[in-house]
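Structure record follows, encoded as structure tokens.
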Amino acid sequence: MAGSGVFSEIIDGEVFKYYADGEWLTSSSGKSVSIVNPTTRKTHYKVQACTQEEVNKAMEIAKAAQKSWARTPLWKRAELLHKAAAILKEHKAPIAEALIKEIAKPAKDAVTEVVRSGDLISYCAEEGVRILGQGAFLVSDSFPGNDRTKYCLTSKIPLGVILAIPPFNYPVNLAVSKIGPALIAGNSLVLKPPTQGAVACLHMVHCFHLAGFPKGLISCITGKGSEIGDFLTMHPGVNCISFTGGDTGIAISKKAGMIPLQMELGGKDACIVLEDADLDLVAANIVKGGFSYSGQRCTAVKVVLVMESVADAVVEKVNSKVAKLTVGPPEDDCDITPVVSESSANFIEGLVMDAKQKGATFCQEYKREGNLIWPLLLDHVRPDMRIAWEEPFGPVVPVIRIASAEEGIHHCNASNFGLQGCVFTKDINKAMLISDAMESGTVQINSAPARGPDHFPFQGIKDSGIGSQGITNSINMMTKVKSTVINLPSPSYTMG
Ligand code: G3H
């Protein structure tokens, strides 16, 4: 159970502690932040409301801890990460329980998130050993006008303190996707979890604590964004920010100083369906891509752009699958569970009502109880409807009928977002042309958008983000190149 057994030291009465300097602490604010269970809509957990002074302290300690961590041999860093991964997987049940209660993640998906995170940490350890274990050796006579008098040795060095801010929908997995690369590369890390998802994050951090990472290397600061959000992101002690979330990321990137940023800020992933597509495959992927975790994924299928000639068939096949989706509490492992908050449910409802008023065809009756919204396919959506452009982050998928592939590409590229997209066709030549034409960080051919496997590059363009993620890219992003040049008094040619 969350907060018990090996996790009993992370809770004080009914409030979970925060983590800094290798210890579980109670904030001097004496205040807490409530975490509302999306299903019951009642407070389920409480976490510390940390103060700005506590942020300052964590930053100071992180800076000092990073110096000695950077002197820790790479194989030892990898060994500790493997240990943390094993402990995380061993304790998947209480962490999954927190995900169920905090963010209404369906039971099986909650366990999968924890296991996937353990695998991600182990992969970081292995990839780090591979890519950080080697540098480059350059000689000067390859550049015009130079003799072989300079030997340049390059290696990758850590940036310092990484600020990691994961979102509510993958609080464990998208936290470790930042922690693993940061630590293997010799950085220290300050984690600011989302409010909903904070308890799962604290449990995950305790697994790193149990693995024996040095004091101060990792901190997990909980609290109100209004109190410590800007303070953290504008803190002079931060050397890099890795953020996943909504358009708050745009504000962060405007305020952050001259430091590397890794931002993943959502998408309006288009699914283009051509006439020759395998329509059963299309329907299965629209349902999986659009409705898994109730559409609360940045890579969810958020608009279907289907050729008119096959649109009726696609809509019919999707509808018959939607009818089979189970709707209810996450504890019962239902396909569709309550969305994260009442304000999120209200926002989704606003998009649905706008589409209704403007004449979209409702393939199912719109139904909502509290934060639970039944899956809904909206057909005959037109570009003047909000749902054609905005991301609902809920179980609502709009269908726009198109007369040509160009029309689909045009709609996709007119979006402010450019995270992922997908195209369904049996013609690989057409698929490649469309993929090249789509302004998206990734295009999937004959499958729904998805971030994983976690070592694949993952990036958005336009308002979808800055930089590229995926294990290898994140390790590289959290390092910089350092060169040492040996200057010889006279040219030296090997075997010369
Ligand atoms: O919500 C954003 C995530 O990066 C999406 O990850 O494709 O594994 O669901 P996913």
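Every number for a ligand or one of its atoms is a count from 1 in the order of the listing. Atom set for the values below is all heavy atoms of this structure, side chains included, hydrogens, waters and symmetry mates excluded. If you read the sequence from its start, that first residue is 1, and numbering goes on from there. All values reported here derive from a predicted model rather than from experimental measurement.
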### Query
Is it the case that Asp269 and Thr299 place a side-chain donor and acceptor less than 3.5 Å from each other?
no
### Message
Can you tell whether the side chains of Asp335 and Lys324 come within less than 4.0 Å, N to carboxylate O?
### Response
no
### Task
Any atoms of ligand 1 less than 4.0 Å from a non-hydrogen atom of Asn169? List them with their elements.
1 (O), 2 (C)
#### Entry: Close-contact set for ligand 1 against Phe458 heavy atoms, below 4.0 Å
4 (O)
### Summary
Taken in chain and number order and not counting sequence neighbours, the residues that satisfy side-chain contact (heavy atoms from CB on, under 4.5 Å) with Asp109 are Lys105, Pro106
### Message
List ligand 1 atoms under 4.0 Å from Cys298, heavy atoms only on the residue side.
### Response
1 (O), 2 (C), 3 (C), 4 (O), 5 (C)
### Query
Are any of the heavy atoms in Tyr293 under 4.0 Å away from ligand 1?
no
### Task
Just do the side chain to side chain donor-acceptor pair (under 3.5 Å) check on Asn37 and Glu102 with the steps written out, would you?
CA-CA 5 Å; Asn37 180 327; Glu102 288 182 287; over 6 Å; no
### Query
Which one holds for Gln296 and ligand 1: side chain close, backbone close, both close, or neither close, with close meaning a heavy atom under 4.0 Å?
neither
### Message
Can you list everything that forms a side-chain contact (heavy atoms from CB on, under 4.5 Å) with Ser242? Sequence neighbours excluded, please.
### Response
Lys178, Gln262, Met478
### Query
Hey, is Arg116 touching ligand 1 through its side chain, its backbone, both or neither, going by heavy atoms under 4.0 Å?
side chain
### Audit row: Glu264, Thr244, side chain to side chain donor-acceptor pair (under 3.5 Å) steps and yes/no
CA-CA 5 Å; Glu264 198 251 285; Thr244 307; 4.6 Å; no
### Proximity flag Glu264 to ligand 1, non-hydrogen atoms under 4.0 Å
yes
### Query
What is the nearest protein non-hydrogen atom to atom 4 (O) of ligand 1, stated with its residue, atom name and distance?
Arg451 NE, 2.8 Å
### Message
Distance alone, cut at 3.5 Å: any donor-acceptor contact between the side chains of Tyr19 and His209?
### Response
yes
### Task
Kindly assign one of parallel, tilted or perpendicular to the pair Phe168 and Phe393, based on the angle between their ring planes and the thresholds 30° and 60°.
perpendicular
### Task
Enumerate the atoms of ligand 1 whose separation from the nearest heavy atom of Thr299 is less than 4.0 angstrom.
5 (C), 6 (O), 7 (O), 9 (O), 10 (P)
### Message
Need the ligand 1 atom indices (1-based, order shown) with element for anything under 4.0 Å from a heavy-atom of Arg297.
### Response
1 (O), 7 (O), 9 (O), 10 (P)
#### Entry: Nearest protein heavy atom with distance in Å, relative to atom 9 (O) of ligand 1
Tyr170 OH, 2.4 Å
